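Worksheet: the structure to be examined is printed underneath.
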Number of protein chains: 2
Amino acid sequence: MKQKITLKKIAKEFGVSISTVSKALKDSHEISSEVKEKIQAFAKYYHYKPNSLALNLRNQKTKTIGVIIPEIVHHFFTKVITGIEKLANEKGYNVMICLSNESYEKEVLNLDMLANGVVDGIIASVAKETEAKEDYRHFTELIDNGIPLVMFDRVVDEIECNKVIADDKGGAFLATEQLIKNGCSNIALITTPDYVTVGHERKEGYLKALNEYNVPTNEDLVITIDDQKSIDDQLNDLFEGNTIPDGIFAVNEIYAATVMKVARKFGHSVPDDIEVIGFTDGLISEFTSPSLTTVAQHGRTMGQKALELLLDEIDSQDLQYHHKTHLIQTDLKVRNSTKKVQLQN
Amino acid sequence: MKQKITLKKIAKEFGVSISTVSKALKDSHEISSEVKEKIQAFAKYYHYKPNSLALNLRNQKTKTIGVIIPEIVHHFFTKVITGIEKLANEKGYNVMICLSNESYEKEVLNLDMLANGVVDGIIASVAKETEAKEDYRHFTELIDNGIPLVMFDRVVDEIECNKVIADDKGGAFLATEQLIKNGCSNIALITTPDYVTVGHERKEGYLKALNEYNVPTNEDLVITIDDQKSIDDQLNDLFEGNTIPDGIFAVNEIYAATVMKVARKFGHSVPDDIEVIGFTDGLISEFTSPSLTTVAQHGRTMGQKALELLLDEIDSQDLQYHHKTHLIQTDLKVRNSTKKVQLQN
DNA sequence: TTTTATTACGCAAACGTTAGAGTAAATTTT
DNA sequence: AAAATTTACTCTAACGTTTGCGTAATAAAA
């Protein structure tokens, strides 16, 4: 394997010192134009590029930020990354993406790796396993080490750092409200276990809407999905019980798409018999039939905001930096899984 | 912002030399157990972690590999990354993901960035813009600099490096063959412009199948999609022409899902009037109705294989390293957009 | 008691880079 | 002609780490 070209090698080539080469390549006035020209030509010919590691070590910064996400096959996370990447690029930062695969252990590993000088700051969304475990020492340790951290989407209240979250509760409220206004009275909720914070928040919004509009809640209509088992099977219960829902709010797009499929299997029509709203930033909703009305999360915006906050903290010399929690608005994207009812204001 | 703890600081704390600290932390026999114990305790308390930059610089390797993909919101690419990540983890490597966003310029930038000592090797799929431009100097430069490169999916023939590609032609053949065997005689192709290599390959497979089974080709049935314009609009032509297709092969999942939607709009039923097969590794296909029969690409496998080849080259001292092109088999995932015909062998 | 081993540390170089300080030689000024 | 300035370089330290080598002091062997 060929060796990379370095200042040292160029210096040797011309019988000058390393610093002469460095300065020549920087077009320093300290170096004669004659020497500068030949060194520059040589460097160009061999495509000399300064070694980033050396530069980073010297400058004590890497111009790279780390992003830890639980899953990359989720459209929402890729949207967030797109947002981060775009702004990072404009600001001259590189992005290093790591996956925790929802595993606590991998999250710790990733954090460890990133913390040791590799990045100037970290943006993270915590793994489900970590949320279940409630062990966040790896994050606090990071902060103790003075590495700026921004949490997004799945955040931890106890941790003192900048945060960016979608208005999950508000979005769920909006969705449920829409179903109520469309005339639904038996509104089901398809959600995750409670330890998944976003699931929890969305459930809160659902309950708030029912409450505010005096729609009685019904425990039978709340289905908590265990991702380890078949989603289809777990949804069967909903249509085999005493109360068949006329509206369904699902906390994500997969659940929403799946419940439509299962509803159809039971002979129900969407949106005529049952209206369905999902929660997402995904692609699937557009291609189901009927296409899914969803709560849009604006993942890109979240990513951008997260990076904005991170760079803000990185640039801040302030020892008493004040952390913020930024709420990204969600809104309803009406498609064809809900009826087009004329709403009176 | 707090400062990171270093060997130097620990050395100062105990009034010993830096090397003593380094050796103490490595439990060297050269250091008395008394000194070792107190230094180790101190380091543990302040969670000392060696600075990776310094280590990488010294060891002349980073244990990090870079991945450049055109788009992260594509399920196929995220699958590939999942495959890379998994194996990388097992082998103790980190993964740095960069997005070119299909832009030539960003690809050059990313490559530049990664090339300067940041990674030990690179896995890349080239941007559409680069394919159109046919300017691959940034890749050859990389190779000239001795940085191992593996290309996947969208590869460049002229470049001398390890490659991993899906059997696009074979998959397309399989899909078209299936349509023919199901009795279709007017088989449409929804494809990308020809400069997108995978689109080109899939078209080849389509033509090969038609040819082999003596099905006449029909230029009117080949639709080349311009991603800049509305896909729906471009597909209208297909159903407004003289020959209405009874089978459609689309080179990706979005085209396939969209063409089903448009077909329905024109009053055709899938799979009764028209059978549709897509090409992908995506999520959408499962949730369309009918669900889409597709050619599975095995993105994870591709990712794993790509990393395998890369590590192979990194570890090889061989100056005359022999590059390979690895073909990943594709196969048909039959769902409900095709008829269940009993095939006679 | 002298020689040899052992223990426990420090020194220095190396990875690649930059930038301020230092220094010969050449040139200009007085 | 002497002094001052400019030119064109080199030296050195620093970023954080590792490791072979050197070396005191102590301990063991002859």
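Chain letters run A, B, ... following the sequence lines, proteins first, then strands; residues in each count from 1. Note: hydrogens, waters and symmetry copies are ignored here, and every other heavy atom, side chains too, is used. Remember, it's a predicted structure, so these values are computed and weren't measured experimentally.
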Using atom [atom1] of [X] as one end and atom [atom2] of [N] as the other, report the distance to the nearest whole Å.
X       : N      : atom1 : atom2 : value
A:Lys36 : D:dA8  : NZ    : C1'   : 11 Å
B:Glu34 : C:dA8  : CD    : P     : 9 Å
A:Ile31 : C:dT23 : CD1   : P     : 18 Å
B:His29 : C:dA5  : NE2   : C1'   : 14 Å
A:Asp27 : D:dA8  : CG    : P     : 13 Å
B:Ile10 : C:dC9  : CD1   : C1'   : 17 Å
A:Ile18 : C:dC15 : CD1   : P     : 9 Å

[X]/[Y] ion pair, N-O < 4.0 Å:
X        : Y        : answer
B:Glu308 : B:Lys305 : yes
A:Glu71  : A:Lys128 : no
B:Glu90  : B:Lys86  : yes

Would you call B:Phe139 and B:Val156 a side-chain contact if the rule is heavy atoms closer than 4.5 Å?
-> no
Per nearest nucleotide of DNA chain C, the residue lying toward the 5' end, A:Lys26 or A:Glu30, is A:Lys26
Residues in salt bridge (charged side-chain N to carboxylate O under 4.0 Å, His left out) contact with B:Glu107, at least two apart in sequence or another chain | none
Taking only N/O atoms, report every protein-nucleotides 12-16 of chain D pair under 3.5 Å with atom names and distance.
unit_1	atom_1	unit_2	atom_2	d
D:dC15	OP1	B:Lys8	NZ	3.2
D:dC15	OP2	B:Lys8	NZ	2.7
D:dC15	O3'	A:Gln60	OE1	3.3
D:dC15	O3'	A:Gln60	NE2	3.4
D:dC15	O2	A:Arg58	N	3.4
D:dG16	OP1	A:Gln60	NE2	3.0
D:dG16	N2	B:Ala54	O	3.3

On a heavy-atom basis, the closest approach of B:Arg154 and B:Val198 is CG-CG1, 4.4 Å
Any side chain to side chain donor-acceptor pair (under 3.5 Å) pairs touching residues 109-118 of chain A, not counting sequence neighbours?
-> A:Asp112-B:Lys49
Short side-chain N/O contact from [X] to OP1 or OP2 of [N], under 4.0 Å:
X       : N      : value
B:Ser28 : D:dT19 : no
A:Lys23 : C:dA19 : no
B:Ser22 : D:dT18 : yes

